Colleague: 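Just passing along the structure, written as structure tokens.
Because the structure is a prediction, the values reported are computed rather than measured.
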Amino acid sequence: MDKTQELAAFLRGRRERLDPRDFQLPARERARRTPGLRREEVAELAGISVDYVVRLEQGRSGLRPSAHVLDALSRALRLAPDERAYIHDLARQRLRSAGEPAATVAPPLAQLVTELSPLPAMLLNHRYDILAWNGEMARLLVDFGTLPPAQRNAMWLCLMHPQVRDLYVDRECVVREGIAHLRAAWAAHPEDRTLTDRIAEFATHDEDFARLWAERDIKVNGRGSKALRHPGIGVISVRFEVLVPLQDSDQRLVIFRAADDESRSALARL
């Protein structure tokens, strides 16, 4: 997966999604043959040359747009904050903290995950590897301790593990949200070969993942809700919150809470 080609495809795709009627553009005699804005219209809105937009969308080698140009394109294409960060990462123009992402969990953070009981909680890294969990999360999803380390990955479980595959009522939504996170992480960590290999594995072995990955959605949800179909307690609804530890900003603390009284009682029984 080449970052230059991905930037080209992403910019082209976002341009084609836009409706010209949403912009106050000067009337042009030439009929539109393709959806979205024309390249010259994006160039005009961004204040850059048409030739540069063409070269960016063609993925010409050697191009490295500045942060200023990327910001201008973000405004012209009306990118959301996650999408704006994504193209900065692809062009390697976003400042990142020094050092490698932590591969293990700090003991105080692992203790916090345990002490969040009775709320189900787990700690993930940027690859969605599950670094720590409490008993409630293990009883709700799967007993992580019985799995080989290579399988303790939230996306792997959702795609490959029979029990977890059937757990989510709206599995496609869960996969879509996970892909948005992985795509953003992939752009932010171009040196992470393990992550790149994981994504290639998922795309090869799961048709849904390959299809949704190609849509290039970037939005990452820090909170939301899921419906789970648990074999022991039936269908329950949970709300999730994702928190970022200040000293380990590539890790994510995921906490579930019951969304209603019935689900709260079911979790208590579990």
Colleague: Yes or no on salt bridge (Lys or Arg N to Asp or Glu O under 4.0 Å) for Arg165 and Asp208, after CA distance, side-chain angles and deciding distance?
Modeller: CA-CA 12 Å; Arg165 277 180 60 93; Asp208 290 336; 5.7 Å; no
Colleague: Under a 4.5 Å cut-off applied to non-hydrogen side-chain atoms, are Leu157 and Leu167 in contact?
Modeller: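 Heavy-atom side-chain distance check fails, nothing below 4.5 Å.
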Colleague: Could you give the distance from CG (Leu212) to CG (Asp217), rounded to the nearest 0.5 Å?
Modeller: 8.0 Å
Colleague: I'd like to know if the side chain of Arg171 and the backbone of Cys158 have a donor-acceptor N/O pair within less than 3.5 Å.
Modeller: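 Such a contact is found between Arg171 side chain and Cys158 backbone.
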Colleague: For Pro148, is there any backbone N or O sitting under 3.5 Å from a side-chain donor or acceptor partner on Gln151?
Modeller: no
Colleague: With distance as the sole test, does Arg229 use its side chain to make a donor-acceptor pair with the main-chain N or O of Asp166 at under 3.5 Å?
Modeller: yes
Colleague: Between Asn134 and Val113, is there a donor-acceptor pair closer than 3.5 Å when you use the side chain of the first and the backbone of the second?
Modeller: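 Yes, because the side chain of Asn134 sits within donor-acceptor range (under 3.5 Å) of the backbone of Val113.
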Colleague: For Arg216, what residues pass the salt bridge (Lys or Arg N to Asp or Glu O under 4.0 Å) criterion, not counting sequence neighbours?
Modeller: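 So Arg216 forms a salt bridge (Lys or Arg N to Asp or Glu O under 4.0 Å) with Glu6.
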Colleague: Hey, does Phe10 have a side-chain heavy atom less than 4.5 Å from the side chain of Glu83?
Modeller: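 A side-chain contact exists here, since the closest heavy-atom pair is under 4.5 Å.
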Colleague: Walk me through it: do Leu119 and Arg257 pass the test side-chain contact (heavy atoms from CB on, under 4.5 Å)?
Modeller: CA-CA 6 Å; Leu119 297 177; Arg257 293 175 296 137; 3.8 Å; yes
Colleague: Apply the test side-chain contact (heavy atoms from CB on, under 4.5 Å) to residues Met155 and Leu159: give CA-CA distance (whole Å), side-chain angles for both, the deciding distance (0.1 Å), then the verdict.
Modeller: CA-CA 6 Å; Met155 181 58 77; Leu159 297 175; 3.8 Å; yes
Colleague: Kindly compute the distance separating NE2 (His126) from NE2 (His181), expressed to the nearest 0.5 Å.
Modeller: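 With rounding to 0.5 Å, NE2 (His126) is 8.0 Å from NE2 (His181).
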Colleague: Do Glu57 and Val42 come close enough that some side-chain heavy atom pair is under 4.5 Å?
Modeller: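 No, every pair of side-chain atoms sits at 4.5 Å or beyond.
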Colleague: Where is the tightest heavy-atom contact between Gly59 and Ala8, given as atom of each residue plus distance?
Modeller: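 Where Gly59 meets Ala8 most closely, the heavy atoms are N-CB, 3.6 Å.
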Colleague: Might you point out which heavy atoms bring Leu18 and Ala76 nearest each other, and give the distance in Å?
Modeller: CD1-O, 4.1 Å
Colleague: Kindly compute the distance separating CD (Glu16) from CG (Leu77), expressed to the nearest 0.5 Å.
Modeller: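 With rounding to 0.5 Å, CD (Glu16) is 11.0 Å from CG (Leu77).
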Colleague: Is there a side-chain contact between Val53 and Arg15, using heavy atoms and a 4.5 Å cut-off?
Modeller: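 No; the side chains remain at least 4.5 Å from each other.
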Colleague: Determine whether a donor-acceptor pair (N or O, by modelled atom type, separation under 3.5 Å) exists between the side chain of Asn125 and the backbone of Tyr128.
Modeller: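 Indeed, once roles are kept as given, a pair shorter than 3.5 Å links the two residues.
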Colleague: Does Arg269 CZ have over 12 foreign heavy atoms under 6.0 Å away?
Modeller: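 More than 12 heavy atoms, drawn from other residues, nucleotides or ligands, come within 6.0 Å of this atom.
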Colleague: Specify the closest pair of heavy atoms between His230 and Arg139, including all atoms of both residues, with the distance to one decimal.
Modeller: NE2-O, 3.0 Å
Colleague: If I take atom CZ from residue Phe240 and atom CD from residue Glu177, how far apart are they, to the nearest 0.5 angstrom?
Modeller: 5.0 Å
Colleague: Does His205 reach the main-chain N or O of Glu201 with its side chain, forming a donor-acceptor pair under 3.5 Å?
Modeller: yes
Colleague: Dump the intermediate steps for side-chain contact (heavy atoms from CB on, under 4.5 Å) on Tyr52 and Val69, then the final yes or no.
Modeller: CA-CA 10 Å; Tyr52 197 69; Val69 167; 3.9 Å; yes
Colleague: So, for Asp129 and Arg198, which heavy atoms are closest and what is the spacing to 0.1 Å?
Modeller: OD1-NH2, 4.2 Å
Colleague: Donor-acceptor check, side chain of Arg60 to backbone of Arg55, threshold 3.5 angstrom: yes or no?
Modeller: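 Flag not set: sc Arg60 to bb Arg55 has no pair under 3.5 Å.
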Colleague: How far apart are the closest heavy atoms of Ala110 and Val105, and which atoms are they?
Modeller: N-CG2, 3.8 Å
Colleague: Answer with yes or no whether the hydrophobic clustering places Val235 together with Val142; edges join I, L, V, M, F, W, Y residues whose side-chain heavy atoms lie under 4.5 Å apart.
Modeller: no
Colleague: About how many Å separate CG of Leu37 and CZ of Phe23, when rounded to the nearest 0.5 Å?
Modeller: 5.0 Å
Colleague: Does a side-chain heavy-atom distance below 4.5 Å link Leu79 with Ile218?
Modeller: no
Colleague: May I ask you to say whether Glu215 pairs ionically with Arg183, meaning some side-chain N is under 4.0 Å from a carboxylate O?
Modeller: no
Colleague: Got Leu7 and Pro65 here, is their nearest side-chain heavy-atom distance under 4.5 Å?
Modeller: yes
Colleague: Nearest 0.5 angstrom please: Arg127 CZ to Asp192 CG, how far?
Modeller: 4.0 Å
Colleague: May I ask whether Leu270 and Tyr168 are part of the same hydrophobic cluster, defined by side-chain heavy atoms of I, L, V, M, F, W, Y residues being less than 4.5 angstrom apart, directly or through others?
Modeller: yes
Colleague: If you take all heavy atoms of Ala266 and Ile236, which pair is closest and at what distance?
Modeller: CB-CG2, 3.6 Å
Colleague: Would Arg38 and Glu44 satisfy salt bridge (Lys or Arg N to Asp or Glu O under 4.0 Å), going step by step from the backbone distance to the final call?
Modeller: CA-CA 10 Å; Arg38 297 185 174 113; Glu44 182 179 341; over 6 Å; no
Colleague: Apply side-chain contact (heavy atoms from CB on, under 4.5 Å) to Leu124 and Trp133, showing your working.
Modeller: CA-CA 9 Å; Leu124 312 176; Trp133 60 89; over 6 Å; no
Colleague: Below 4.0 angstrom, N of the basic side chain to O of the carboxylate: do Asp71 and Arg75 qualify?
Modeller: no
Colleague: Within the 4.5 Å heavy-atom criterion, are Thr4 and Leu63 side-chain neighbours or not?
Modeller: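 Heavy-atom side-chain distance check fails, nothing below 4.5 Å.
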Colleague: So, does Asn221 use its side chain to make a donor-acceptor pair with the main chain of Gly224 at under 3.5 Å?
Modeller: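 Such a contact is absent between Asn221 side chain and Gly224 backbone.
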Colleague: Keeping the roles fixed (side chain from Glu40, backbone from Val50), state whether a donor-acceptor pair exists under 3.5 Å.
Modeller: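 No.
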Colleague: Does the side chain of Leu147 reach to within under 4.5 Å of the side chain of His161, using non-hydrogen atoms?
Modeller: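 Touching, per the 4.5 Å side-chain cut-off.
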Colleague: Might you confirm whether atom CD of Glu262 has over 12 heavy atoms from other residues, nucleotides or ligands at distances under 6.0 Å?
Modeller: no
Colleague: Short question: side chain of Asp206, backbone of Phe209 - any donor-acceptor pair under 3.5 Å?
Modeller: yes
